[in-house]
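Just so you know, these numbers use all the heavy atoms, side chains as well, and skip hydrogens, waters and symmetry mates. Counting starts at 1 for both ligands and their atoms, in listed order.
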Amino acid sequence: MKNYENVVIFDHPLIKHKVAILRSKDTDMKTFRELVEEITTLMTYEALKDVPTEKIIVETPLETVEQTVVKDDSVVIVPILRAGLGMVNGVHVLFPTAKVGHIGMYRNEETLEPVVYYCKLPVGIEEKMAIVVDPMLATGGSACDAIDLLKKNGCKKIKLMSILGAPEGVEKVATTHPDVNVYVSTLDRQLNEHGYILPGLGDAGDRLFGTK
Ligand code: PRP
Ligand code: URA
């Protein structure tokens, strides 16, 4: 895959280690859920380094000093249901007061086209940094439609975080939405004929919620 200015693929041994365990078919649901959260937190640390900040005055026991803090209520987490829910806590670890907007979407298994069935976003989201989370970026259809929906709702600053990405999906989001920063923990090889990521980890929603 060629390099895109708006795409970051992580190359960190801690993430690689956790992704290796996540992929295994022998990893149980609880461990899978915990790993998704941990990888998300590691990604958030890097992906949100341009989060809005403000200056405050702090009195230490010795002096008064100006300090930088993260601006309150500046980030909204937007999971794509269902599997995106598994990443919400991983962002909340670092941004505990972030509001959450939900976009319900599933892929039609025949056409692989996303179908929107729910959308509830916090009031004022157009002024915030919206972080779309979905562990799997396969064809990129779901992510592109979710980003379109956010843009229609006035969002100007949007980031996407996915744990695994197929080259097809990463390229689709990177080119359809060049203004969106895309963070993928690991770039996988390809999609199979059913739109599953290879080598992948299977169906993220089913593995997170025990539905298969
Ligand atoms: C999965 C995944 C993404 C989508 C990715 O959701 O969580 O939302 O597929 O595929 P795409 O890039 O080709 O659009 P799924 O439809 O399995 O729904 P679920 O999260 O409810 O299991
Ligand atoms: N959705 C998943 O859960 N897994 C894939 O490999 C592709 C889409």
Side-chain angles (χ1 to χ4, degrees), residues 1 4 6-9 18-29 31-37 39-40 43 77-91 100-121 130-151 158-177 180-212:
M1 194 187 78
Y4 293 93
N6 58 328
V7 175
V8 172
I9 311 283
K18 290 178 193 298
V19 168
I21 304 169
L22 194 68
R23 289 187 194 280
S24 169
K25 63 179 175 40
D26 297 324
T27 295
D28 63 54
M29 185 181 69
T31 310
F32 189 92
R33 195 170 58 231
E34 289 167 353
L35 284 164
V36 166
E37 288 184 18
I39 294 165
T40 303
M43 294 176 71
I77 311 166
V78 184
I80 301 179
L81 307 183
R82 281 176 309 168
L85 288 175
M87 296 176 73
V88 173
N89 286 348
V91 183
V100 182
H102 296 85
I103 297 182
M105 215 175 244
Y106 66 86
R107 291 199 309 179
N108 177 310
E109 300 215 337
E110 313 246 294
T111 62
L112 299 181
E113 287 298 315
V115 181
V116 180
Y117 61 87
Y118 186 76
C119 180
K120 182 83 178 173
L121 303 172
I131 318 297
V132 180
V133 291
D134 189 332
M136 309 305 275
L137 180 54
T139 64
S142 305
C144 280
D145 283 11
I147 292 165
D148 276 337
L149 206 49
L150 289 176
K151 287 184 174 174
I158 303 171
K159 292 174 186 271
L160 168 71
M161 292 204 301
S162 290
I163 293 184
L164 292 190
E168 297 90 325
V170 175
E171 290 192 318
K172 178 166 172 143
V173 182
T175 53
T176 311
H177 295 289
V180 170
N181 296 112
V182 180
Y183 300 86
V184 175
S185 104
T186 307
L187 183 66
D188 269 11
R189 195 179 68 245
Q190 67 183 93
L191 293 177
N192 72 9
E193 66 277 22
H194 306 294
Y196 273 79
I197 299 176
L198 299 175
L201 50 73
D203 187 302
D206 284 341
R207 296 199 63 183
L208 278 164
F209 302 115
T211 42
K212 217 170 236 172

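The protein non-hydrogen atom at the shortest distance from atom 21 (O) of ligand 1 is R82 NE, 3.1 Å. Counting only heavy atoms of the protein, atom 17 (O) of ligand 1 lies nearest to D203 OD2, 4.0 Å. For atom 14 (O) of ligand 1, the closest heavy atom belonging to the protein is S142 OG, 2.5 Å. Nearest non-hydrogen protein atom to atom 16 (O) of ligand 1 is R107 N, 2.9 Å.
Of all atoms in ligand 1, listed by their number and element, those nearer than 4.0 Å to a heavy atom of T139 are 11 (P), 12 (O), 13 (O), 14 (O). Residue A83 has at least one heavy-atom neighbour below 4.0 Å for each of these atoms of ligand 1: 7 (O), 20 (O).
I158 has its side chain out of reach of H177: every pair of non-hydrogen atoms, C-beta onward, lies at least 4.5 Å apart. Side-chain contact between V8 and N181 is absent, with no heavy atoms from C-beta onward closer than 4.5 Å.
Judged by distance alone, with hydrogens and angles left aside, the side-chain atoms of R207 form no donor-acceptor pair with the main-chain N or O of F32 at under 3.5 Å.
Pocket lining of ligand 2, defined as residues with a non-hydrogen atom under 4.0 Å away: R107, M136, A138, G195, Y196, I197, G202, D203, A204.
How far CE of M87 is from CE of M43: 5.5 Å, rounded to the nearest 0.5 Å. Once rounded to the nearest 0.5 Å, the distance linking OG1 of T186 with CZ of R23 reads 6.0 Å. The line from CG of L201 to CG of L208 is 9.0 Å long, rounded to the nearest 0.5 Å. Annotation: the span from K18 atom NZ to I39 atom CD1 amounts to 7.5 Å, rounded to 0.5 Å.
In terms of N/O distances under 3.5 Å, ligand 1 is not approached by Y106. Looking at A138 next to ligand 1, an N or O pair under 3.5 Å apart turns up. Considering both main-chain and side-chain atoms, G140 comes within under 3.5 Å of ligand 1 through a nitrogen or oxygen pair.
Contact annotation: D134 has at least one heavy atom less than 4.0 Å from an atom of ligand 1.
At a distance under 4.0 Å, a protein heavy atom can be found next to atom 4 (C) of ligand 1.
Under the 3.5 Å distance criterion, with hydrogens and angles disregarded, a donor-acceptor pair is assigned to the side chains of T211 and R82.
With T139 as the partner, the side chain to side chain contact (heavy atoms under 4.5 Å, CB included) test is satisfied by one option alone out of R107, E113, E168: R107.
For K159, the salt bridge (Lys or Arg N to Asp or Glu O under 4.0 Å) criterion is met by D50, not counting sequence neighbours.
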Evaluation steps, side chain to side chain contact (heavy atoms under 4.5 Å, CB included), between L164 and V19 = CA-CA 9 Å; L164 292 190; V19 168; 4.1 Å; yes
